There are 2 protein chains.
Amino acid sequence: MTEDGGYGQFCPVAKAAEILATRWTLLILREMICGSSRFNEIHRGVPLMPRALLSKRLKELQAAGVLEQNPPDGTRSGGYRLTAAGEELRPIIISMGIWGQRWVESAADGPDWDAGVLMWDMHRRIDTSLLGDGRTVLQFEYGDAPEEMRLWWLLIETGNVDLCVSDPGFAVDLYVLADVQTMARIWIGKDSLARAVDEEDIVLHGDADMRRKFSRVLQLSPIVEASKQSSRLQPF
Amino acid sequence: MTEDGGYGQFCPVAKAAEILATRWTLLILREMICGSSRFNEIHRGVPLMPRALLSKRLKELQAAGVLEQNPPDGTRSGGYRLTAAGEELRPIIISMGIWGQRWVESAADGPDWDAGVLMWDMHRRIDTSLLGDGRTVLQFEYGDAPEEMRLWWLLIETGNVDLCVSDPGFAVDLYVLADVQTMARIWIGKDSLARAVDEEDIVLHGDADMRRKFSRVLQLSPIVEASKQSSRLQPF
DNA sequence: CAGTATCCGATGCGATACTG
DNA sequence: CAGTATCGCATCGGATACTG
């Protein structure tokens with residue numbers, strides 16, 4: 001009778017909120033903005049979200065004109081892409097990230113973070129141009145993570161970065177040992193890699209050249225990059 | 001067990017979304033941004049929201065550091081105000097409004113809008129400096145609204161604007177007749193007052209001087225003002 | 001005015017299992 | 001890989017009544 005989840009208001013903020021202010025929706029858009037396009041890619045960014053609900057949200061966002069489906073290539077679905085309307089949410093969502101980082105207590109102190117989400121985020125921010133043509137393997141070990149989340153590998157080959165949850169078997173160029181919290185704080189710019197290495201909150205070992213390059217190979221969260229230029233984001 | 005409504009992620013967008021992406025929350029903040037501060041003022045901006053839920057949300061927003069309570073003045077509560085963190089949401093919420101206006105289909109075509117919310121919004125945007133020291137009364141009649149929402153009065157006196165739902169009894173300076181949709185479209189900048197008057201979608205009658213001044217006395221939604229300068233809002 | 005208390009019905013959400 | 005189907009429950013939402 002009162003229809004779906006609307007607010008019954010003409011105010012454009014209400015209209016935007018009807019689309020954006022439902023659970024998980026902003027995180028799906030963050031995933032898309034960060035470069036995911038396929039169903040399972042998106043889901044890796046929000047692993048705690050029920051797949052059925054992800055499916056539902058993707059439909060809603062299509063109906064709202066924020067996403068559309070790519071034409072299927074051959075047999076499998078072509079994934080999703082942002083429409084022009086969706087692209088214009090990019091600065092808004094990034095602004096929300098900057099705000100969250102600046103103001104939300106415990107934005108970097110949560111107890112139960114998912115190392116998988118962190119690794120999935122990080123694997124998209126490897127600057128492959130600094131690595132040679134050959135294969136590079138980085139191994140991450142999180143001392144505070146549960147058994148099945150302790151070890152991760154980034155396998156970098158011909159400009160492509162794969163995230164592995166089991167040992168890919170190749171020689172490891174760099175071992176990274178840290179707590180999830182430490183790594184996450186660095187990732188979102190709340191801590192510096194240099195400091196963490198100095199104080200041995202992070203231990204790097206392996207190829208000496210790779211150890212030196214690591215701070216440039218692993219770029220930080222897009223939010224951190226954006227917030228460096230965020231003076232432009234406070235126009236009012 | 002999975003705690004409250006969190007996402008279990010360190011991403012700052014997720015942290016912001018935990019606070020902002022719950023039902024009604026963005027509309028409460030919009031009300032605060034537009035100048036409401038007391039409980040019942042805020043509620044007039046979201047009349048369909050259960051008061052108990054508004055109370056709960058206000059507590060959540062205080063816990064999140066977005067709002068705080070003003071010290072009670074005398075016997076009654078002092079209402080609420082945005083903290084510094086809350087103030088920094090202003091450009092984000094206005095951006096969402098601009099986005100909603102630009103992209104949401106039917107942002108100006110809803111069937112069941114609330115004339116009360118429209119009037120409540122508009123009463124805050126009367127430029128009292130254009131009116132003399134005496135009393136000014138504007139009467140609005142919405143032909144398409146249900147009986148109890150048809151007639152509204154703005155009573156302007158010594159720079160103060162009161163919204164009345166029953167005839168205040170004073171002489172009316174200007175009568176405004178329109179449909180809620182027409183008025184709402186003008187209010188959010190999707191239609192122009194001049195056009196609507198020309199084509200008699202709106203009929204003004206009463207004091208000739210007041211008829212002439214009306215387009216300047218009634219300022220438009222803050223979203224419209226903001227979107228005129230919105231080139232600054234697309235920094236990425 | 002500024003909320004709180006309670007009850008009840010609808011549904012959004014999460015968990016699990018299943019399919020082409 | 002890319003989703004669907006089903007089910008139970010917690011939360012939301014509406015109504016009503018009550019308090020300082």
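Convention: sequence-line order gives letters A, B, ...; per-chain numbering from 1. Worth saying up front: this structure is predicted, and the values here are computed from it rather than measured.
Between B/H43 atom NE2 and D/dG14 atom C1' there is a gap of 11 Å when expressed in whole angstrom units. The distance from atom CG of B/L53 to atom P of C/dC7 is 19 Å, rounded to the nearest whole Å. Atoms CD1 (B/I42) and C1' (C/dC1) sit 14 Å apart, rounded to a whole Å. Regarding A/L54, its CG atom lies at a distance of 12 Å from the P atom of C/dG14, rounded to whole Å. If you take CG of A/L27 and P of C/dC13, they are 13 Å apart, rounded to a whole angstrom. Whole-Å rounding puts the B/R57 CZ to D/dT11 C1' distance at 10 Å.
Applying the ring pair (Phe, Tyr, Trp, His ring centres under 6.0 Å) test to every pair with at least one member in residues 27-86 of chain A, sequence neighbours left out, gives no pairs at all. Listed by first then second residue, pairs satisfying salt bridge (charged side-chain N to carboxylate O under 4.0 Å, His left out) with a partner in residues 30-41 of chain A read A/E31-A/R124, not counting sequence neighbours.
Side-chain contact check for B/L163 versus B/M122: every heavy-atom pair is 4.5 Å or farther apart. Looking only at side-chain heavy atoms (C-beta outward), B/L82 and B/L89 stay at 4.5 Å or farther from each other. Taking 4.5 Å as the limit, some side-chain heavy atom of B/I93 sits within range of a side-chain heavy atom of A/V13.
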Exercise answer: donor-acceptor pairs, residues 129-140 of chain B side-chain atoms, under 3.5 Å, sequence neighbours excluded:
| from | atom 1 | to | atom 2 | distance (Å) |
| --- | --- | --- | --- | --- |
| B/S129 | OG | B/D127 | OD1 | 2.5 |
| B/R135 | NH1 | B/E157 | OE2 | 3.0 |
| B/Q139 | OE1 | B/W153 | NE1 | 3.2 |

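When heavy atoms are screened at a 4.0 angstrom cut-off, B/L48 is found touching the sugar-phosphate backbone but no base atom.
DNA chain D forms stems at C:1-20 with D:1-20, each a run of 3 or more consecutive Watson-Crick or G-U wobble pairs whose two key distances fall under 3.5 Å.
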So which protein N/O to nucleotides 2-9 of chain D N/O distances come out below 3.5 Å?
| from | atom 1 | to | atom 2 | distance (Å) |
| --- | --- | --- | --- | --- |
| D/dA2 | OP1 | A/R38 | NE | 2.6 |
| D/dA2 | OP1 | A/R38 | NH2 | 2.5 |
| D/dA2 | N7 | A/R51 | NH2 | 3.2 |
| D/dG3 | OP2 | A/Y80 | OH | 3.0 |
| D/dG3 | N7 | A/R51 | NE | 3.0 |
| D/dG3 | N7 | A/R51 | NH2 | 3.0 |
| D/dT4 | OP1 | A/K59 | NZ | 2.7 |
| D/dT4 | OP2 | A/S55 | OG | 2.4 |

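Taking 4.0 angstrom as the limit, A/W24 places a side-chain polar atom (N or O) nearer than this to OP1 or OP2 of C/dG14.
With rounding to the nearest 0.5 Å, the separation of CD1 in B/I94 from CD in B/E225 is 10.5 Å.
B/Y7 carries A/R23 over the face of its six-membered ring, with the cationic atom under 6.0 Å from the centre and within 45° of the normal.
By the salt bridge (charged side-chain N to carboxylate O under 4.0 Å, His left out) test, A/R102 is found to be paired with B/E88, residues two or more places apart in sequence or in another chain being considered.
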